[in-house]
Q: 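Dumping the structure here so I can ask a few things about it.
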Amino acid sequence: MMITERYGSNDSQVGDLYLPKGQSVGLVCLFHGGFWRMPYDRKQMSPISEDLATSGYGVWNIEYRRVDESDWNWKDTTSDAVLSINHVQELRKKYPSISKVEVVVAGHSAGGHLAILLSSEPLLVSPKRFIGLAPILDLEIAYSNL
């Protein structure tokens, strides 16, 4: 089952929550890649989200504000990453199957950068792991290779 939830008022402050049948064995918070740019969005991670849910995991497939959006500021993306993970508290209240499970934060490429960045941010939930899948960790080199 997939449910779209908002974690803020901006159009991009949204995520898809995939719930497994029965009790979840964990909650994976996913950030997509795409060099923080449009048109790349959370749909990149939908097949992975579906597969993880079939395997018994809850998945919070997160969208965030990207470079090409109007009035974008680089702090918006970081802020959205924090807000989306903090929103897990509300999701846990609303969906009992994920209420007591461990949280893991993972992302691919630019999303991997966000996942690793979150490991140093104060969060309202305490993720067990932060996983970067081919993360962009040196922003200066990444930008110079555009």
Q: Surrounding OH of Y95 (heavy atoms of other residues, nucleotides or ligands, distance under 6.0 Å), is the total greater than 12?
A: yes

Q: Excluding sequence neighbours, so at least two apart, what forms side chain to side chain contact (heavy atoms under 4.5 Å, CB included) with S55?
A: Y57

Q: Applying side chain to side chain contact (heavy atoms under 4.5 Å, CB included), can you list everything that pairs with S84, at least two apart in sequence or on another chain?
A: Y7, F31, W60, I62

Q: Could you tell me which non-hydrogen atom of L19 sits nearest to which non-hydrogen atom of S97, and how far apart they are?
A: CD2-OG, 3.8 Å

Q: Can you name the nearest heavy-atom pair linking I48 to L30, along with the distance?
A: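 Result for this residue pair: CG2-CD1, 4.1 Å.
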
Q: Without placing hydrogens or testing angles, list every side-chain donor-acceptor pair under 3.5 Å for residues 106-131, not counting sequence neighbours.
A:
{"from": "S119", "atom 1": "OG", "to": "I116", "atom 2": "O", "distance (Å)": "2.6"}
{"from": "S120", "atom 1": "OG", "to": "L117", "atom 2": "O", "distance (Å)": "3.0"}

Q: Please check this pair: side chain of E90 against backbone of H87, looking for a donor-acceptor N/O pair closer than 3.5 Å.
A: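 No, the answer is negative, given that no donor and acceptor are paired below the 3.5 Å cut-off.
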
Q: Are there more than 12 heavy atoms of other residues, nucleotides or ligands under 6.0 Å from atom CD of Q89?
A: yes

Q: Looking at CD of E5 and CG of D16, how far apart are the two atoms once the value is rounded to the nearest 0.5 Å?
A: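 So the gap between those two atoms works out to 10.0 Å.
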
Q: Are the side chain of R65 and the backbone of N73 linked by a donor-acceptor contact shorter than 3.5 Å?
A: no

Q: Quick one: do L83 and W74 end up in the same hydrophobic cluster if we chain Ile, Leu, Val, Met, Phe, Trp and Tyr together by side-chain heavy atoms under 4.5 Å apart?
A: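 Yes, L83 and W74 fall within the same hydrophobic cluster.
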
Q: Flag the pair R66 and D68 as a salt bridge only when some basic side-chain nitrogen lies within less than 4.0 angstrom of an acidic carboxylate oxygen.
A: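 No.
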
